[in-house]
Amino acid sequence: MSEPHSGRPPVRGAAKQPPEARSLLERMLEFLHPGPDSKTELIETLAEAEQRELIEPESRQMLEGVLRMAELSAGDAMVAAPRMDLLDIDAPYDELLGIVIDSGHSRFPAFEGRRDNIIGILLAKDLLKMQRAPELNVRALLRPTVFVPESKGLNELLRDFRSNRNHLAIVIDEFGNTAGLITIEDVLEEIVGEIEDEFDEQSSDTGIYTLADGSQRVAGDASIAAVNGAFNLALPDNDFDTIGGLVAHEHGRVPRRGEAVDVAGLRFTVMLTRGGAVRWFKVTRAPEEESDA
């Protein structure tokens, strides 16, 4: 004999609805509140949520960064080999210490013989141990090197960084040559944006910063007027509003990370790109080797 029908069906009974009824309900809900069908639509939905003040702008930017990071590889976020600050394992201690102080990094790939022959990673704090113990051998202070291919996804790389507690990896190309290096900071910046260094000093709200080595970091969307004022230049601002647009025009295209473009006696080296545009330049005085030619 079956049990009497209750006015409120048990919760488990709700999971046994006919497939036709459930699919019809789902179709009705999707018609009334259609969800995103692609990553692009999801990003557009996040933008709408920000406009409706459902999420903060910073939250939207981070969520977009997470979504876009899934499409990026180590080769997209690395520091190109020509821009790597390396230590020659056979150099005198004073020379090594000078490079460490001038660059301000905490970790350095060390090479032997040629720059492409990376034999280990030297931590600045380890090098300082030789101040009190000169008998230490620099080679004994080296940490193992982690090598990753250019094609390695940033999501996977971030998991590796967290699990093995490494903060730096050497990126190699398909032929096994050194293509660059990448740090956990480089990966995180794809999510949260540029991470300010504690030694950076913001000169103003113009997007121009002074770095520890005395050079300048300039935002790609900094106004040409601001750059003119900071560097005492007279760059034209009739056709371009931002320094990124002007540099791209001079170069013939948007420069990639690690590329340098000389404009008006300044060298604009790309530090970071995002969304097909330059996010940050490192600006130094261009070499004057050809000035006498």
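Source: prediction; values computed, not measured.
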Would you tabulate the side-chain donor-acceptor contacts of residues 240-249 under 3.5 Å, counting partners in other chains and residues two or more places apart, or write 'none'?
unit_1	atom_1	unit_2	atom_2	d
Thr242	OG1	Gly245	N	3.2

Side-chain donor-acceptor contacts of residues 224-237 below 3.5 Å, not counting sequence neighbours, with atom names and distances?
unit_1	atom_1	unit_2	atom_2	d
Asn228	OD1	Leu235	N	2.8
Asn228	ND2	Ile224	O	3.4
Asn228	ND2	Leu235	O	3.0

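For the pair Pro287 and Arg267, the minimum side-chain heavy-atom distance is below 4.5 Å. At a threshold of 4.5 Å between non-hydrogen side-chain atoms, the residues Leu97 and Met130 do not count as touching. Two residues are said to be in side-chain contact when any heavy atoms from C-beta on lie closer than 4.5 Å; Val283 and Arg217 fail this criterion. Considering only heavy atoms from C-beta on, Val79 stays 4.5 Å or farther from Val171 through its side chain. Residues Val278 and Pro255 have side chains in contact (heavy-atom distance under 4.5 Å, counting atoms from C-beta outward).
Interatomic distance, CD of Gln216 versus NZ of Lys282, reported as 11.0 Å (0.5 Å rounding). Taking CD1 of Ile182 as the start and CZ of Phe161 as the end, the distance is 6.0 Å to the nearest 0.5 Å. Atom-to-atom distance recorded for Leu141:CG and Leu96:CG is 10.5 Å, nearest 0.5 angstrom. Rounded to the nearest 0.5 angstrom, Leu72 CG and Asp186 CG are separated by 12.0 Å. To the nearest 0.5 angstrom, Leu123 atom CG is 4.5 Å from Arg143 atom CZ. Remark: Met78 CE to Leu157 CG distance equals 12.5 Å, nearest 0.5 Å.
Leu168 approaches Val146 most closely through the heavy-atom pair O-CB, 4.2 Å. In terms of heavy atoms, Asp76 sits closest to Glu71 at OD2-O, 4.4 Å. Of all heavy-atom pairs between Pro149 and Ala74, the closest is O-CB, 3.8 Å. Across all non-hydrogen atoms, the minimal contact from Pro144 to Ile121 is O-CG1, 4.0 Å. The minimum heavy-atom distance between Val270 and Phe281, with the atom names listed, is CG2-CE2, 3.9 Å. Of all heavy-atom pairs spanning Ala80 and Gly258, the tightest one is CB-CA, 4.4 Å.
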Checklist entry - Hey, mind stepping through Tyr93 and Gln131 against side-chain contact (heavy atoms from CB on, under 4.5 Å) and telling me if it holds? => result CA-CA 10 Å; Tyr93 172 79; Gln131 290 277 14; 3.2 Å; yes
Item to check | Steps toward side-chain contact (heavy atoms from CB on, under 4.5 Å) verdict (His105, Val100) | outcome: CA-CA 7 Å; His105 303 314; Val100 169; over 6 Å; no
Checklist entry - Please walk me through it: do Asp160 and Asn166 pass side-chain contact (heavy atoms from CB on, under 4.5 Å)? => result CA-CA 8 Å; Asp160 290 350; Asn166 283 320; over 6 Å; no
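Counting only distance, with no hydrogens or angles, the side chain of Glu259 and the backbone of Arg256 share a donor-acceptor pair below 3.5 Å. Listed for the Asp126 side chain is no donor-acceptor partner under 3.5 Å among the backbone atoms of Leu122.
One finds no salt bridge joining Arg107 and Asp85 here, because no Lys/Arg side-chain nitrogen approaches an Asp/Glu carboxylate oxygen to under 4.0 Å.
Residues Phe268 and Ile208 share a hydrophobic cluster, clusters being chains of Ile/Leu/Val/Met/Phe/Trp/Tyr side chains in contact below 4.5 Å. Under the 4.5 Å side-chain heavy-atom criterion for Ile, Leu, Val, Met, Phe, Trp and Tyr, Ile118 and Val148 are members of distinct hydrophobic clusters. Taking hydrophobic clusters as Ile, Leu, Val, Met, Phe, Trp and Tyr residues chained together by side-chain heavy-atom distances below 4.5 Å, Ile89 shares a cluster with Leu128. Transitive grouping of hydrophobic side chains (ILVMFWY, heavy atoms separated by less than 4.5 Å) keeps Ile170 and Leu142 in distinct clusters. Both Val138 and Ile101 belong to a common hydrophobic cluster when Ile, Leu, Val, Met, Phe, Trp and Tyr are linked at side-chain heavy-atom distances under 4.5 angstrom.
Around CZ of Arg132, the count of heavy atoms belonging to other residues, nucleotides or ligands within 6.0 Å does not exceed 12.
Phe111 pairs in a side-chain contact (heavy atoms from CB on, under 4.5 Å) with only one of the listed residues (Leu86, Thr178, Ile119), which is Leu86.
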